[in-house]
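Remarks on the structure that follows.
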Number of protein chains: 2
Amino acid sequence: MRELTPRQEEVLDFVLEKLERSGYPPSVREICEALGMSSTRGAQRHLEALERKGFISRAPGARAIQVRGGLREAAAYLPLVGEVPAGPLRYASEEVEEWLPVPARWGGRGRFLLRVRGDSMIGDGIKDGDLVVVDPSPEAEDGEVVVALVDGEATVKRLRRRGRAVELVASNPAYPVLRVERGEAEVRLAGKVVALLRERV
Amino acid sequence: MRELTPRQEEVLDFVLEKLERSGYPPSVREICEALGMSSTRGAQRHLEALERKGFISRAPGARAIQVRGGLREAAAYLPLVGEVPAGPLRYASEEVEEWLPVPARWGGRGRFLLRVRGDSMIGDGIKDGDLVVVDPSPEAEDGEVVVALVDGEATVKRLRRRGRAVELVASNPAYPVLRVERGEAEVRLAGKVVALLRERV
DNA sequence: CCCGTGCGTAAACGGATGTTTACATGTAAA
DNA sequence: TTTACATGTAAACATCCGTTTACGCACGGG
């Protein structure tokens, strides 16, 4: 992406600021006023330059400015589910407590946030009350931290494959290892834990 | 905030969807088209209702719709600083690696993100590579987790006040306690740790 | 010197867009 | 029943706003 002239950068900054403050982009004339111009042509040219250089996209219509790489693109929003997805790895919208922003690279198809209860994974730095980002992958590999549904209840554990059996291992030695032979169905994997948020340190 | 009628909710949903998809709000006529109306008055009335009930704000001008409690308001953006703030608790913009979105309630004046190095706080579930949210409070109380500058280097430790002295305690027993008597100046507090992000679990 | 580019003013055009008035229907509460 | 409200159509109006044309100035490279 090419460099911007100082004036073009002023325009881009103003667009971003307006976007941040108002929630919608400025009109061409608002840009003029902000930069002390009396003609719309000046701002127009700057917008054309910004588009040519790839910093923004424009669509026909009023205020139809899209900022590429803007703040909006930096965030993904994940639902914090009250209960763990049951059935076919889906969460009903009624169970969504709230949507929280996370860094965009944490986002992904079907990912969601789950509040961890208990201290069984304290050895991996996962504490009671932490929010974990869960990727509903169909397959989890040996050694990964997963969300498992045991008797309908969700627990976070480390997965260990032992031949045909699967073990769910807590990182707190006070907790027992749950061993499941292949074919037994009381345990289901809801996904694997890929990231973590902690609100109170 | 009063409840919305089903139709009003449809309008609000469409506005949010358009905002998410395009980066700018829809025009009244776009709302009409989306909801299958042939007159702008219908959408107009819904927007008036949404404003009356406090879900949106409107300003004169095209597409000047602000959604209260929209996605944008849910996020705050904090800078990830490469090095710890030196001097008067400020970070130079050159040191900012990137800006990351976090839940809005994590934001606040002067807060920033810092990457934790080492495993000295493993006992508190703070691992190597974690990003901590630092609030540059002037005062930290006994028992709080703080970022301290020791010989110009940043470390995360738990603060313990012992009369006139201050102790910086690691939660990994392998590390020694750093004791500082009042008046000694080689230790300075950069702020306290209020939240945490972990990118790899 | 000439030419391309960035930057700006002035003025006008036309479509996009918000707003208003008037009329109408269905539903629920008083 | 009466009243209020949500909802909708139809039409017109005034302005917002993107775009275009024309002209001018400054600067740097060839």
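Proteins come first, then strands; the chains are lettered A, B, ... in the order of their sequence lines, and each starts at number 1. As the structure is a prediction and not an experimental result, all values here were calculated from the model.
Using a 4.0 Å cutoff to heavy atoms of chain A, the contacted part of DNA chain C runs 5' to 3' from C:dG6 to C:dT17.
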Atom pairs and distances, donor-acceptor, side-chain atoms in residues 138-150 of chain B, under 3.5 Å, two or more places apart:
residue	atom	partner	partner atom	Å
B:Asp142	OD1	B:Arg161	N	2.6
B:Glu144	OE1	B:Glu141	N	2.8
B:Glu144	OE2	B:Lys192	NZ	3.3

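Within 4.0 Å (heavy atoms only), B:Gly42 reaches at least one base atom of the nucleic acid. Nucleic acid contact for B:Gln44: base, since at least one base atom lies under 4.0 Å from a heavy atom of the residue.
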>> Let's go through A:Val156 and A:Val193 carefully: what are the C-alpha distance in whole Å and the side-chain angles of both, what is the deciding distance for side-chain contact (heavy atoms from CB on, under 4.5 Å) to 0.1 Å, and is it a yes or a no?
In response: CA-CA 8 Å; A:Val156 177; A:Val193 174; 4.1 Å; yes
> Do B:Ile65 and A:Tyr24 pass the side-chain contact (heavy atoms from CB on, under 4.5 Å) test, and can you show the C-alpha distance, the side-chain angles, and the key distance before you say yes or no?
Replying inline: CA-CA 7 Å; B:Ile65 301 177; A:Tyr24 50 86; 5.6 Å; no
> Should B:Val134 and B:Leu113 be marked as a side-chain contact (heavy atoms from CB on, under 4.5 Å) after you check the CA-CA gap, both sets of side-chain angles, and the distance that decides it?
Replying inline: CA-CA 6 Å; B:Val134 183; B:Leu113 289 165; over 6 Å; no
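Taking for each of B:Arg58 and B:Arg45 the nucleotide of DNA chain C with the nearest heavy atom, the 5'-most of the two is the partner of B:Arg58. Heavy-atom nearest nucleotides on DNA chain D were determined for B:Gly61 and for B:Arg7, and the one closer to the 5' end corresponds to B:Arg7. Comparing B:Gly36 and A:Thr40 by the nucleotide of DNA chain D that holds the closest heavy atom to each, the one mapping nearer the 5' end is B:Gly36.
OP1 or OP2 of D:dC17 lies within a sub-4.0 Å distance of a side-chain N or O belonging to A:Arg63.
The CZ atom of A:Arg41 sits 10 Å away from the P atom of D:dT19 (whole-angstrom rounding). Between the P atom of D:dA10 and the CZ atom of B:Arg29 lies a distance of 14 Å, rounded to the nearest Å.
Between the side chains of A:Ser171 and A:Arg158, no donor-acceptor pair is found at a separation under 3.5 Å.
Salt bridge status for A:Glu9 with A:Arg7: absent, with no side-chain N to carboxylate O gap under 4.0 Å.
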